[in-house]
**Student:** 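Have a look at the structure that comes next, please.
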Amino acid sequence: MNATPKIFLMLLGATLIFHTALNYMIDNIEEFETVPLPPKTLKKISTQNPVIQVNAKDKDSWMLVDFSSGKTHLVAEGEAEKQTFQNIEWDLGFSRTKIIANGGATNPQGKTGVLNLGPVDFEEVKNAPKNGYIEDKISFGSLINKEFSGWYNYRTRTHNIESKKNVYIVKLGDEGFMKMRILNYYCGKKDQDCRTQMCSRQQAACLTVEYVLAENGSDKFPFNTSDSRLARNMGSSTDIH
């Protein structure tokens, strides 16, 4: 066999391997991110703040969360065009890695906006900024809030999602405020468990969200929410890695 057929077979084999790997990634990560996660020191988070776990597994639906009451509503994505979002009390919506807010293009009648403060100390955020809140827009036919668009890193080796643990201030529709951060993306798994092995798609999209509501609709956040009624029985001493 001369060199030409050998080269052709090698190229064919490489192409098949590439397509197999590509299909594998598509099957396991719906929203593929190309930003590799830089190595960093593990940080253990212990919180007495309210924590809620959001089931956002259905990529064709939005899990809407009203943080004041703790109530959730599952709404099909197509219902966004039928004013369904306008008839429900909610603050943020979750679908896999996507997050929207109750305002802007998502719901023109809503007033919810978001401000990304980055990976700052959660407890040191004592007041909500007065300006700079971003409402939802439509990008390439999809609803997005750009402040949430980079909330996670994609780990290329294990194909897993890991929260950057940024702190977000949410300006609520009732003129109140909330600070929050996403602690974890997997059910029954900690971030450190997914650093060296692949966490399954069935375990994914079960977001653990830490949040604190401002006092009496003001811009001031209580210092110790474990003693506050804001916990609404959802707060607990939680360790997240």
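Owing to the predicted nature of the structure, the values given are computational and were not obtained by experimental measurement.
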**Student:** What about Leu64 and Ile144, same hydrophobic cluster or not, with Ile/Leu/Val/Met/Phe/Trp/Tyr joined at side-chain heavy-atom distances under 4.5 Å?
**Tutor:**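 Looking at the clustering, Ile144 is in a separate group from Leu64.
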
**Student:** Can you tell if the side chain of Ile100 reaches within under 4.5 Å of the side chain of Phe148, non-hydrogen atoms only?
**Tutor:**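 The answer is no, as the side chains (C-beta and beyond) never meet within the 4.5 Å cut-off.
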
**Student:** Mind checking the SG-CG spacing from Cys187 to Asn55? Nearest 0.5 Å is all I need.
**Tutor:**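 Here the rounded value is 6.5 Å.
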
**Student:** List the atom of Ala214, the atom of Ser218, and the distance in Å for their closest heavy-atom pair.
**Tutor:**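 Minimum heavy-atom contact is CB-O, 3.0 Å.
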
**Student:** Restricting to non-hydrogen atoms, name the atom on Leu213 and the atom on Ser68 that form the minimum distance, rounded to 0.1 Å.
**Tutor:** CD1-CA, 3.9 Å

**Student:** Do Trp62 and Lys98 have side chains that get closer than 4.5 Å, going by heavy atoms?
**Tutor:**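 In contact.
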
**Student:** Please answer: with hydrophobic residues joined when any side-chain heavy atoms are less than 4.5 Å apart, are Tyr133 and Val120 in the same cluster?
**Tutor:** yes

**Student:** To the closest 0.5 Å, what do you measure between CD (Glu210) and CE (Met180)?
**Tutor:**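 Glu210 atom CD to Met180 atom CE measures 10.0 Å (nearest 0.5 Å).
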
**Student:** For a side-chain contact (heavy atoms from CB on, under 4.5 Å) check, start with the C-alpha distance between Glu89 and Ser69, then their side-chain angles and the critical distance, and finish with the verdict.
**Tutor:** CA-CA 9 Å; Glu89 293 292 331; Ser69 65; over 6 Å; no

**Student:** Using the rule that two of Ile, Leu, Val, Met, Phe, Trp, Tyr join whenever any of their side-chain heavy atoms come within less than 4.5 Å, decide whether Val54 and Tyr152 are in one cluster.
**Tutor:**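 As far as the 4.5 Å side-chain criterion goes, Tyr152 and Val54 are connected within one cluster.
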
**Student:** How many angstroms lie between atom NZ of Lys71 and atom CD1 of Ile88, to the nearest 0.5 angstrom?
**Tutor:** 11.5 Å

**Student:** Determine whether Val51 and Thr208 make a side-chain contact, defined as any pair of heavy atoms from C-beta on separated by less than 4.5 Å.
**Tutor:** yes

**Student:** Name all pairs fulfilling the side-chain hydrogen bond (donor to acceptor under 3.5 Å, both in side chains) condition that reach into residues 136-147, sequence neighbours left out, sorted by first residue then second.
**Tutor:** Thr106-Asp136, Asp136-Asn145

**Student:** Say whether Ile52 and Ile182 are linked into one hydrophobic cluster, either directly or through other cluster members, by side-chain heavy-atom distances under 4.5 angstrom.
**Tutor:** yes

**Student:** Looking at Lys220 and Lys126, would you say the former's side chain and the latter's main chain have a donor-acceptor pair under 3.5 Å?
**Tutor:** no

**Student:** Within a radius of less than 6.0 Å around NZ of Lys57, do more than 12 heavy atoms belonging to other residues, nucleotides or ligands occur?
**Tutor:**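 For Lys57, atom NZ is crowded (more than 12 foreign heavy atoms under 6.0 Å).
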
**Student:** Atom CZ in Phe94, atom CE in Met63: separation rounded to 0.5 Å?
**Tutor:** 10.5 Å

**Student:** I need the Asn184 CG to Ser163 OG distance, nearest 0.5 Å.
**Tutor:** 8.0 Å

**Student:** Identify, with sequence neighbours excluded, every residue that meets side chain to side chain contact (heavy atoms under 4.5 Å, CB included) alongside Asn102.
**Tutor:**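 Residues passing side chain to side chain contact (heavy atoms under 4.5 Å, CB included) with Asn102: Trp90, Asn107, Thr112.
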
**Student:** Taking the side chain as C-beta and beyond, is there a heavy-atom pair between Met178 and Tyr211 under 4.5 Å?
**Tutor:** yes

**Student:** For residues Ile161 and Trp151, determine if any side-chain heavy atom of one lies less than 4.5 Å from a side-chain heavy atom of the other.
**Tutor:** yes

**Student:** Under the ring pair (Phe, Tyr, Trp, His ring centres under 6.0 Å) rule, collect the residues that match up with Phe122, sequence neighbours excluded.
**Tutor:**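 None.
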
**Student:** Side-chain contact, heavy-atom cut-off 4.5 Å: Leu117 with Val125?
**Tutor:** yes

**Student:** Between Asn127 and Phe177, is the side-chain contact (heavy atoms from CB on, under 4.5 Å) condition met? List the steps.
**Tutor:** CA-CA 9 Å; Asn127 294 85; Phe177 293 91; over 6 Å; no

**Student:** Any side-chain heavy-atom pair from Leu115 and Tyr168 closer than 4.5 angstrom?
**Tutor:** no

**Student:** If you measure from the Lys or Arg side-chain nitrogens to the Asp or Glu carboxylate oxygens, is any gap between Glu162 and Arg155 under 4.0 Å?
**Tutor:**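 Answer for the salt bridge query: yes.
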
**Student:** Can any side-chain N or O of Ser95 pair as donor or acceptor with the backbone N or O of Ser61 at less than 3.5 Å?
**Tutor:** yes

**Student:** At what distance, to the nearest 0.5 angstrom, does NZ of Lys179 lie from CD1 of Ile169?
**Tutor:**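 Spacing of NZ (Lys179) from CD1 (Ile169) equals 7.0 Å.
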
**Student:** Would you say CG of Asn216 has more than 12 non-hydrogen atoms from neighbouring residues, nucleotides or ligands within 6.0 angstrom?
**Tutor:** no

**Student:** What about Leu92 and Leu74, same hydrophobic cluster or not, with Ile/Leu/Val/Met/Phe/Trp/Tyr joined at side-chain heavy-atom distances under 4.5 Å?
**Tutor:** yes

**Student:** Does the Lys164 side chain pair with the main chain of Gly150, one donor and one acceptor, at a distance under 3.5 Å?
**Tutor:** yes

**Student:** For side-chain hydrogen bond (donor to acceptor under 3.5 Å, both in side chains), just list the numbers for Asn160 and Tyr186, CA-CA rounded to whole Å, side-chain angles, deciding distance to a tenth of an Å, and then say yes or no.
**Tutor:** CA-CA 9 Å; Asn160 289 319; Tyr186 295 91; 3.2 Å; yes

**Student:** Can you check whether Glu215 reaches Pro222 side chain to side chain, under 4.5 Å on heavy atoms?
**Tutor:** yes

**Student:** Does Gln86 have more than 12 heavy atoms from other residues, nucleotides or ligands lying within 6.0 Å of its CD?
**Tutor:** yes

